Every structure is written in structure tokens, then in C-alpha cells.
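All ligand and atom numbering here is 1-based and tracks the order in the structure. Numbers here are sequence positions counted from 1. Computed from a predicted structure; not experimentally measured.
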Amino acid sequence: MAKFSANLGLLWRELALPDAIRAAARAGFDAVECHWPYDVPADQVRAALCETGLAMLSLNTVRGDVEQGETGLAALPGRETEARSAIDQAVDYARAVGAHSVHVMAGNAEGVDARQTFLSNLAYAGDRAAPYGISILIEPLNRFDWPSYFLRTTDQASEIIANTGASNLRLMFDCYHVQITEGDLTRRLRALMPIIGHVQIAAVPDRGAPDHGEVDYRHILAVLESLGYERPIGAEYRPAGPTQPELGWLDAFRGASRLSADERGVPVKR
Ligand SMILES: O=C(O)C(=O)[C@@H](O)CO
Ligand SMILES: [Mg+2]
């Protein structure tokens, strides 16, 4: 049966992070994840996680000067000191709350120097995180929401993962972004499963709850099940209003995924 993680960067945003963790637990989520928790004392987050029994799956490195439109530092030539300080901050916070992964944000950049800078900073991140069993994630983001972001496609991410050499570097496969940029979700999930560290879902194109739009997530859940994917799937979507009333999909998808992939006629790759 599918498990789900509440992305508290978008869900229950009206609540302080510890209370959002408690709300996610009450709603029946199996885990949580967040974006930039650094204003919240780690001990308060850890206390809420311990109290609820939920795991924190991931958090992001800071974006830099958000007022100036910065979206990350790791692919910015000349900003290596800041990028590595952001990696240190994220790994230290992840250790303090017991988070499984750190999403290293690349930033607005392009070209060979940006790629080389990204590879170097990801190698640093992998080395910093590995002793604590923490994975490093990179996430291709679509051009409409992140117009100048360095990392755009899963092919680009695969090449970077292959050439960074960090054994704990994985792909954050956000179905929302991949559908917008590339499509072909089923075949890409099958081909990329060996390097996928986390999967996220949201309706396309409005980024609402995953129960409408152009992606049939019952099919995607069946594909993930057929691939033996058992980790919680990140619900990273913008609720139209309060989070709780829109959560009908959670039980519906769990119910649907109780049927095996075989029973739903999804070809199971043996
Ligand atoms: O937009 C997404 O999808 C993200 O995951 C970003 O918020 C960066 O984490
Ligand atoms: Mg995402």
C-alpha cells in the first residue's frame, strides 16, 4: 500500500512547522518533508517528529538572496564559499532533526562553468552528508515556475549524478516538474528508478491536489508499486484553501493502491 509524505513547504503553511508536523500526523501521512526550516529551532522540530513518530524525509539548502530572485547557490561560479556554507547548514540541521536527505539547490545559471561548479559542490555535499547516512538530492525544475534554474531535465540530472562520483547522490523525481518539462513519466520512472531518491506528486498544470489534471496518479502509483518503490511519496502541491478539506485523495489513493499493480493491469517489469 502506498505511503505518503506531506510537504510542509506547501501544506499547512499557516501553521508553525512543529504544529504542521502534528497536523500531518493527525491527517494520516506517513512522513513529512519541508523546504527551508532554518527559522525554527531544530529541537522543536525534532520534538514534534518524535511525538508523532513521523520521519522528516528532506529539506533544502537556502536559495541565497531571495529578494534578488536567487534560487540556490550550488551551480553559481564564484559563490562556492556561500554554497558550501549552505550545504553545511542543511546537513547540520538534517542531523539535528534526523532528516534523511538534503536537496541541494543549484540556482539560476547555465553553461559549462555552472555545471563544473555544481559537480564540485555536490561532491562536497556528498562527502559532508555520507558519514551520517544522509542522501543528497538534486531536482530538475520546470521553466515556468523556475525560469532560469540550472537543472531542467532528468537527462541532465542523470549525467550529473553519474559524473559527481558521490555514492549518496540521488534524483528527486518531482512528477509535476518532469511532466511539464519532459512528459513520458512511466518510462522515465522505470529507466531512472536506480538513481531515484524521492518522488513527489502534484496536479499538472495547476499544482493542486494530485486528484485532477493531466496526470493519472493512480497509474503512477501502480507503476511505482510494480517497480518495488516503497518509500513515502511526497505530496508537494498548493492546496486551493485549507489543507485538510482537500485530503480526500489520500485515502482514495491508499485504497486504490491496495489493489496490486497486477490486479490493475499495469505491466509489471519482472
Ligand atoms: O518546486 C519544487 O518542486 C521544489 O521542490 C522546490 O520548492 C525546491 O525544493
Ligand atoms: Mg519538488
Side-chain angles (χ1 to χ4, degrees), residues 4-13 17 20 29 31-39 56-66 69-76 83 86-87 89-91 93-94 97 99-109 118 121-122 125 129 134-154 156-157 160 169-182 185 188-189 192 195-210 213 215 217 220 224 229 231-239 243:
F4 295 95
S5 166
N7 189 300
L8 303 177
L10 296 181
L11 303 183
W12 286 291
R13 288 193 64 178
L17 183 53
F29 279 96
V32 293
E33 56 198 65
C34 65
H35 288 162
W36 302 283
Y38 306 105
D39 293 340
M56 178 68 75
L57 298 188
S58 64
L59 50 88
N60 301 341
T61 57
V62 294
R63 289 163 287 181
D65 187 340
V66 177
E70 294 192 324
T71 61
L73 299 163
L76 305 189
I87 290 164
Q89 177 192 38
V91 171
Y93 197 99
V97 304
H100 296 187
S101 304
V102 167
H103 169 210
V104 175
M105 297 201 69
N108 301 329
F118 199 32
N121 285 328
L122 288 173
I134 295 170
S135 297
I136 299 300
L137 300 173
I138 57 174
E139 181 184 20
L141 302 176
N142 81 72
R143 68 189 182 284
F144 300 107
D145 294 312
W146 302 77
S148 307
Y149 197 69
F150 171 75
L151 191 59
R152 188 70 74 213
T153 70
T154 56
Q156 189 186 4
I160 286 168
L169 178 57
R170 293 288 183 273
L171 170 65
M172 177 129 79
F173 191 108
D174 187 330
C175 295
Y176 167 73
H177 292 298
V178 178
Q179 174 63 17
I180 290 171
T181 302
E182 305 174 78
L185 294 178
R188 289 186 196 282
L189 283 168
L192 294 168
I195 63 168
I196 288 177
H198 189 41
V199 175
Q200 295 172 318
I201 62 175
V204 182
D206 69 6
R207 201 169 197 178
V215 176
Y217 280 110
I220 296 298
L224 288 169
Y229 190 83
R231 295 191 291 274
I233 297 159
E236 190 183 33
Y237 67 87
R238 290 197 183 86
T243 300

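With hydrogens left out, the protein atom closest to atom 6 (C) of ligand 1 is Trp146 CZ2, 3.6 Å, a heavy atom. Of all protein heavy atoms, the one lying nearest to atom 9 (O) of ligand 1 is Asn60 ND2, 2.8 Å.
Set against the non-hydrogen atoms of Glu236, the atoms of ligand 1 under 4.0 Å away are 2 (C), 3 (O), 4 (C), 5 (O), 7 (O). Counting atoms of ligand 1 from 1 in the listed order, those under 4.0 Å from a heavy atom of His103 are 8 (C), 9 (O). Close approach of ligand 1 to His177 is summarised as follows: ligand atoms under 4.0 Å from at least one heavy atom of the residue are 1 (O), 2 (C), 3 (O). Which parts of ligand 1 touch His35 is read off a 4.0 Å heavy-atom cut-off, strictly below it: atoms 7 (O), 9 (O).
Side-chain atoms of Tyr93 and Val102, non-hydrogen and from C-beta on, never get closer than 4.5 Å to each other. The shortest side-chain heavy-atom distance between Leu59 and Tyr38 falls under the 4.5 Å cut-off.
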Item checked: Trace of the side-chain contact (heavy atoms from CB on, under 4.5 Å) decision for Ile196 with Tyr229 -> CA-CA 10 Å; Ile196 288 177; Tyr229 190 83; 4.2 Å; yes

Check: Does the pair Asn108 and Phe150 meet the rule for a side-chain contact (heavy atoms from CB on, under 4.5 Å), with working shown?
Finding: CA-CA 5 Å; Asn108 301 329; Phe150 171 75; over 6 Å; no

Next item on the list: Show your working on salt bridge (Lys or Arg N to Asp or Glu O under 4.0 Å) between Arg152 and Glu182 and close with a plain yes or no.
Entry: CA-CA 9 Å; Arg152 188 70 74 213; Glu182 305 174 78; over 6 Å; no

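Within the 2.8 Å limit, Tyr176 places no N, O or S atom next to the Mg ion (ligand 2).
His198 and Glu236 share no side-chain donor-acceptor pair at under 3.5 Å. In the model, Asn142 has a side-chain atom that pairs as donor or acceptor with a side-chain atom of His177 under 3.5 Å. Side chains of Glu33 and Ser5: a donor on one and an acceptor on the other come within 3.5 Å.
Backbone and side-chain nitrogen or oxygen atoms of Trp36 are examined, and none is located within less than 3.5 angstrom of a nitrogen or oxygen of ligand 1.
Within the 4.0 Å heavy-atom shell around ligand 1 one does not find Tyr176. Within the structure, ligand 1 has Arg207 among the residues with a heavy atom less than 4.0 angstrom away.
Take the N/O/S atoms of Glu139: the one nearest the Mg ion (ligand 2) is OE2.
Rounded to 10°, the angle formed at the Mg ion (ligand 2) by OD2 of Asp174 and OE1 of Glu236 is 90°.
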